[in-house]
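Just so you know, these numbers come straight off a predicted model, no measurement behind them.
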Amino acid sequence: CMLWRSLMRRDFIERYNLYTIPHVDLWEDVYVTLRAYYYANKVVKIEDAVYHYFVNNKSLTAKSANPKHYQDMQETIRLLEEFFSEKKEFDSTLLLCFWKLLAKGTLLTSQGFNPKRWKHEYKEAHKHIMQIKAIPLLTRFQYWITARTTFPISQLMFLNNKMRNK
């Protein structure tokens, strides 16, 4: 859902006011791209690699567990909820739950580790965890257990890492 992967006509952007959120530095592209997909009559996928993305592990986006970035994610979700609440013909439940779970995932990283907060934020997404196939199965299982039990999340993360490293 990255904006840098998209080409859009200028008149399309202007017609639907598809601009980034001024004060949001992380996930600003999610807000634009999801609304663009909603309004688009046609989306074309090109298989060729025409853009090469450089991954910098020391960049701001690589450190997405900081409080400002989590606030950016929450603001993006709030605006998307507002946008889709006006679109009664489109059921955005799973789409919004996916982004809520993705945001909450930062609360389970070593930088932002806060399982109690994870358990209580966006609780409505918990019942959809196993339906969202875009999230890897082991991660969904970790989220599902965390949402339903008092099993120590650190133990679950240890087991998850062990399984991934096999």
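The distance from atom OH of Tyr31 to atom CZ of Arg35, rounded to the nearest 0.5 Å, is 4.0 Å. Atom NE2 of His69 is separated from atom CG of Leu26 by 5.0 Å, given to the nearest 0.5 angstrom. Note that the OG atom of Ser85 and the CG atom of Leu96 stand 9.5 Å from one another [nearest 0.5 Å].
Across all non-hydrogen atoms, the minimal contact from Lys119 to Ala147 is CE-O, 3.9 Å. Contact detail for Arg140 and Met130: the closest heavy-atom pair is NH1-O, 3.0 Å. Met73 and Thr106 make their closest contact through CE-CG2, 3.7 Å (heavy atoms, listed as atom of the first residue, atom of the second, distance). Summarising the geometry of Ala134 relative to Phe98, their closest heavy-atom pair is CB-CE1, 3.7 Å, with the distance given to 0.1 Å. The two residues Gln74 and Arg117 make their nearest non-hydrogen contact at NE2-NH2, 4.0 Å.
For Phe12, the side chain to side chain contact (heavy atoms under 4.5 Å, CB included) partners are Met8, Arg9, Arg15, Tyr16, Leu18, Ala36, Tyr39, Ala40, not counting sequence neighbours. With sequence neighbours excluded, the residues that form a side chain to side chain contact (heavy atoms under 4.5 Å, CB included) with Leu101 are Lys104, Trp118, Ala125, Ile129, Ile132, Ile135, Tyr143. Every residue two or more places apart in sequence or in another chain that forms a side chain to side chain contact (heavy atoms under 4.5 Å, CB included) with Glu14 is listed here: Arg10, Tyr19. Residues satisfying the ring pair (Phe, Tyr, Trp, His ring centres under 6.0 Å) criterion with Tyr122, sequence neighbours excluded, are absent altogether. With sequence neighbours excluded, the residues that form a side-chain hydrogen bond (donor to acceptor under 3.5 Å, both in side chains) with Gln131 are His128.
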Show me the side-chain donor-acceptor pairs of residues 75-84 shorter than 3.5 Å, one per line, residues at least two apart or across chains.
unit_1	atom_1	unit_2	atom_2	d
Glu75	OE1	Arg78	NE	3.0
Glu75	OE2	Arg78	NH2	2.8
Thr76	OG1	Asp72	O	3.0
Arg78	NH1	Glu82	OE1	3.2
Glu81	OE2	Lys100	NZ	2.6

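Formation of a donor-acceptor pair under 3.5 Å by the Thr33 side chain with backbone atoms of Val30 is not found in this model.
Surrounding NZ of Lys127 are at most 12 heavy atoms belonging to other residues, nucleotides or ligands under 6.0 Å away.
Contacts classified as salt bridge (Lys or Arg N to Asp or Glu O under 4.0 Å) and involving residues 83-96 (residues at least two apart or in different chains) are not found.
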